[in-house]
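One-based numbering along the sequence shown. What you see is a predicted model; the values in this text were computed from it and never measured.
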Amino acid sequence: YKLLKDIVPRLPRDDDGCLDEHRMHSVLEAHGLQLSTDGFAELLARCDVVGFPALGDFIGCLQRPERELPPSATQWPHKAEERQPAQHRASQKEILYLEQQQQQQQ
């Protein structure tokens with residue numbers, strides 16, 4: 001968290017002042033983090049509007065699940081047991097570690 005908090009504000013921004021998505025994604029990947037699409041979008045938005053988020057908000061971005069896509073017309077009706085579970089993003093160990101860091105900061 002601390003490394004990202006130092007790195008992300010220095011990432012390139014576009015003409016509108018928004019973070020370069022590709023660079024942000026590369027930095028997260030380099031640190032072993034994969035976020036859901038919604039989690040990544042929320043993190044980008046927070047960084048663009050208020051700067052790098054507080055630890056609790058960052059953990060919230062990590063924990064956002066991937067949305068299930070609606071079935072196409074050819075797949076309907078869709079059996080629940082055939083659905084693929086959302087890919088796990090941040091490990092429980094990573095989340096526990098970040099939560100411990102947050103508690104120590106308080």
Side-chain angles (χ1 to χ4, degrees):
Y1 172 80
K2 289 179 182 180
L3 287 172
L4 291 173
K5 189 174 181 176
D6 291 336
I7 293 170
V8 170
R10 297 186 303 216
L11 291 178
R13 293 180 175 268
D14 64 18
D15 293 338
D16 295 325
C18 298
L19 277 175
D20 181 319
E21 291 181 38
H22 300 290
R23 292 293 296 270
M24 176 69 136
H25 191 266
S26 296
V27 167
L28 293 171
E29 259 188 1
H31 287 85
L33 297 173
Q34 289 185 336
L35 282 71
S36 68
T37 302
D38 289 342
F40 183 66
E42 180 182 342
L43 181 59
L44 283 174
R46 286 179 179 279
C47 289
D48 288 343
V49 175
V50 296
F52 199 77
L55 183 58
D57 294 328
F58 180 71
I59 291 171
C61 293
L62 290 177
Q63 292 177 327
R64 296 247 347 225
E66 196 69 64
R67 271 191 263 176
E68 267 190 59
L69 297 175
S72 70
T74 59
Q75 296 173 326
W76 194 261
H78 194 65
K79 296 179 184 174
E81 62 271 6
E82 292 176 358
R83 287 189 216 141
Q84 295 294 322
Q87 184 181 10
H88 177 72
R89 297 298 178 178
S91 73
Q92 288 299 320
K93 185 177 179 181
E94 291 167 327
I95 292 169
L96 287 173
Y97 173 77
L98 291 171
E99 287 173 345
Q100 288 171 348
Q101 294 293 316
Q102 182 181 19
Q103 290 172 356
Q104 289 175 358
Q105 287 181 349
Q106 294 173 351

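Between L43 and L28 there is a side-chain heavy-atom pair separated by less than 4.5 Å. A heavy-atom distance below 4.5 Å is found between the side chains of V27 and L4.
Residue pairs meeting the salt bridge (charged side-chain N to carboxylate O under 4.0 Å, His left out) criterion with at least one partner in residues 29-53, sequence neighbours excluded, are R13-D48, D38-R64, D38-R67, E42-R46, E42-R64, R46-D57.
Partners of F40 under the ring pair (Phe, Tyr, Trp, His ring centres under 6.0 Å) rule, at least two apart in sequence or in another chain, are H25. Every residue two or more places apart in sequence or in another chain that forms a side-chain contact (heavy atoms from CB on, under 4.5 Å) with D14 is listed here: D16, C18.
Separating the CG atom in D20 from the OG atom in S26 is a distance of 8.5 Å, to the nearest 0.5 Å. Taken to the nearest 0.5 Å, the OG1 atom of T37 stands 4.0 Å off from the CD atom of E66. Taken from CD1 in I7 to CE in M24, the straight-line distance is 10.5 Å, to the nearest 0.5 Å.
Scanning both residues, Y1 and P53, for their nearest heavy atoms gives OH-O, 2.7 Å. Among all heavy-atom pairs drawn from P65 and S36, the shortest one is O-OG, 3.5 Å.
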